[in-house]
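One structure is given here, and the rest of the page talks about it.
Being a predicted model, the structure only gives us computed values, none of them experimental.
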Amino acid sequence: VGMCILVIAADDGIMPQTIEHFQIMELLGVAHGVVALTKMDLVDAALLERRIGEIRSWLAGSFLKDAPICPLSSVSGAGVLDFHRCFSEAVQAAVRAESLGVFRMPVERVFAMEGYGRVLSGVPVAGQIAEGDLVELVPGGEKGRVRGMQCFGRLTAQGHSGLCMALNIPDLARANPQRGQVLCLPGRLRPATVFHSRIQMLAQTGLGVKNGERVKLHTGTSEVLARVFNLESQGLFSGDAAWVALVADEPVA
C-alpha cells in the first residue's frame, strides 16, 4: 500500500494542479499520506488557519480525511520537526508488501563505470534479485549475469522490490540497454503491443476520448504512443469507466 506527501503552499492554497495530483493518487490506490502546508512564513496566523480548514473540508471523505496537516517553512525551519514526526509515523503505519512475485525492474538509467562496465539502475516492482543471478532485457531478449549491485549507493549481495538498485551487468554492453526496458528473470516476460485495461475517466475534467485516438502509454519507465479503443461502446466520455484495448506503436514489456 503506497503513501504520499501532498504539498500545498499556504499563500496559494488548493490549486488546479493540487487537485490533479490528488486525483492521480486516488487512481493509483494510495491509502496513506501527510499534507505539507508549506510557505507558512508568507501568511499570517488567520490565513494559515483558514487554509487548514479549507484543506480539511476538501479532503473529507477521501483517503486523506484523517491525514495530519503540517504547516512548515523551509526559510525559518518552523514546523519542520513536527512534519518529520508526522511523516515518520505515517511511514510506520503504512502496510509493507512482501517481496513476492517474479523479479522485474523497469530500467530508469543506464551508465558505464570504469573497471566494471554496464550498470542499470531502477526500483524493482516485485520479487528478489541476488548477485550471480541471470537476468533478461525485455523487449530485446538479451541476457546477462549480475556481477555486483548497490542499494541506495551501498554494496549489497541481494535486493528486492521497493529498493533503489544499481545492477552491474557487463554482459549487456553490446545490447545497448535503454530506459523503458525491463530487467526480469529469463522467460518470465515478453514484449507485446496490445494491452487490455480498465480506464476511469475523471468527471471533473469534462474530457472525452474517441475510439482510435492517439494517447501516450506509460508503463514502468517506458513511454510509447498508442491508440485506445473502448471495448464496450463508441469512445470514452467524462465520468466513464470501461474496458479498453491499447494498441502501442512499439512493443513494451
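Counting heavy atoms from C-beta on, the side chains of Leu27 and Ile24 never come closer than 4.5 Å. Residues Val107 and Pro177 have side chains not in contact (no heavy-atom distance under 4.5 Å, counting atoms from C-beta outward). Residues Asp12 and Thr18 fail the side-chain proximity criterion, which asks for heavy atoms closer than 4.5 Å. Counting heavy atoms from C-beta outward, Phe83 and Ile5 have side chains that approach closer than 4.5 Å. The shortest side-chain heavy-atom distance between Leu72 and Asp82 does not fall under the 4.5 Å cut-off. For the pair Arg104 and Arg188, the minimum side-chain heavy-atom distance is 4.5 Å or more. A heavy-atom distance below 4.5 Å is found between the side chains of Leu137 and Leu183. Residues Phe237 and Met201 form no side-chain contact, since every pair of their non-hydrogen atoms from C-beta on lies 4.5 Å or further apart.
One finds the SG atom of Cys151 at 7.0 Å from the NE2 atom of His160 (value rounded to the nearest 0.5 Å). The distance from the CE atom of Met105 to the OG1 atom of Thr221 is 8.5 Å, given to the nearest 0.5 Å. Atom CD1 of Ile129 and atom CE of Met149 lie 5.5 Å apart (nearest 0.5 Å). A distance of 10.0 Å separates CD in Glu250 from CG in Leu217, rounded to the nearest 0.5 Å. The CG atom of Leu6 lies 6.5 Å from the CG atom of Leu64; values are rounded to the nearest 0.5 Å. Atom CG of Leu172 sits about 10.0 Å away from atom CG of Leu167, to the nearest 0.5 Å.
Cluster membership for Ile8 and Val30, using ILVMFWY side-chain heavy atoms within less than 4.5 angstrom, is shared. With hydrophobic clusters built from ILVMFWY side chains whose heavy atoms lie under 4.5 angstrom apart, Met15 does not share a cluster with Leu47. In this structure, Ile69 is a member of the same hydrophobic cluster as Met25, with clusters built from ILVMFWY side-chain heavy atoms closer than 4.5 Å.
No donor-acceptor distance shorter than 3.5 angstrom exists from the side chain of Ser161 to the backbone of Val125, with no hydrogens or angles considered. A donor-acceptor contact shorter than 3.5 Å is absent between the side chain of Thr156 and the backbone of Gln150. Side chain of Asn168 to backbone of Tyr116: a donor-acceptor contact under 3.5 angstrom is found. The backbone N or O of Ile199 sits nowhere less than 3.5 Å from a side-chain atom of Ser197 that would complete a donor-acceptor pair.
Between Leu236 and Val228, the closest heavy-atom pair is CD1-CG2, 4.4 Å. Scanning all heavy atoms of the two residues, the minimum distance from Ile169 to Val135 falls at CD1-CG2, 3.7 Å. Here the closest heavy-atom approach between residue Asn211 and residue Asn230 is recorded as OD1-N, 2.7 Å. The two residues Leu134 and Pro186 come nearest to each other via the heavy atoms O-CD, 3.1 Å. Of all heavy-atom pairs spanning Pro191 and Pro139, the tightest one is CB-CB, 3.9 Å. Residues Pro68 and Gly33 share a closest heavy-atom pair of CD-O, 3.9 Å.
Open room surrounds CZ on Phe87; 12 or fewer heavy atoms of other groups in view lie less than 6.0 Å from it. Heavy atoms from other residues, nucleotides or ligands lying under 6.0 Å from NZ of Lys143 number more than 12. Heavy-atom neighbours of Arg154 CZ from other residues, nucleotides or ligands within 6.0 Å: at or below the threshold of 12. Around atom CD of Glu108, more than 12 heavy atoms belonging to other residues, nucleotides or ligands sit under 6.0 Å away. In Leu28, the CG atom is crowded: over 12 heavy atoms of neighbouring residues, nucleotides or ligands sit closer than 6.0 Å. The 12-atom threshold is not exceeded at CD of Gln234, counting heavy atoms of other residues, nucleotides or ligands nearer than 6.0 Å. More than 12 non-hydrogen atoms from other residues, nucleotides or ligands lie less than 6.0 angstrom from NE2 of His218.
Ser57 meets the side-chain hydrogen bond (donor to acceptor under 3.5 Å, both in side chains) test with no other residue; sequence neighbours excluded. Under the rule for a side-chain hydrogen bond (donor to acceptor under 3.5 Å, both in side chains), the partners of Arg51 that lie at least two apart in sequence or sit in another chain are Glu54. Scanning for side-chain hydrogen bond (donor to acceptor under 3.5 Å, both in side chains) contacts around Gln178 gives Asn176, with sequence neighbours left out.
Classification of the Trp58-Phe22 ring pair by plane angle, with boundaries at 30° and 60°, yields tilted.
A salt bridge is absent between Arg56 and Glu49: the closest approach of a Lys/Arg side-chain nitrogen to an acidic carboxylate oxygen does not fall below 4.0 angstrom. A salt bridge links Arg214 with Asp249: at least one charged nitrogen is closer than 4.0 Å to a carboxylate oxygen.
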> Val91 and His32: side chain to side chain contact (heavy atoms under 4.5 Å, CB included), yes or no, with the steps?
Replying inline: CA-CA 8 Å; Val91 169; His32 302 274; over 6 Å; no

> After noting the C-alpha distance and the side-chain angles of Val215 and Leu246, does the key distance pass the side chain to side chain contact (heavy atoms under 4.5 Å, CB included) rule?
Replying inline: CA-CA 9 Å; Val215 296; Leu246 292 160; 4.2 Å; yes

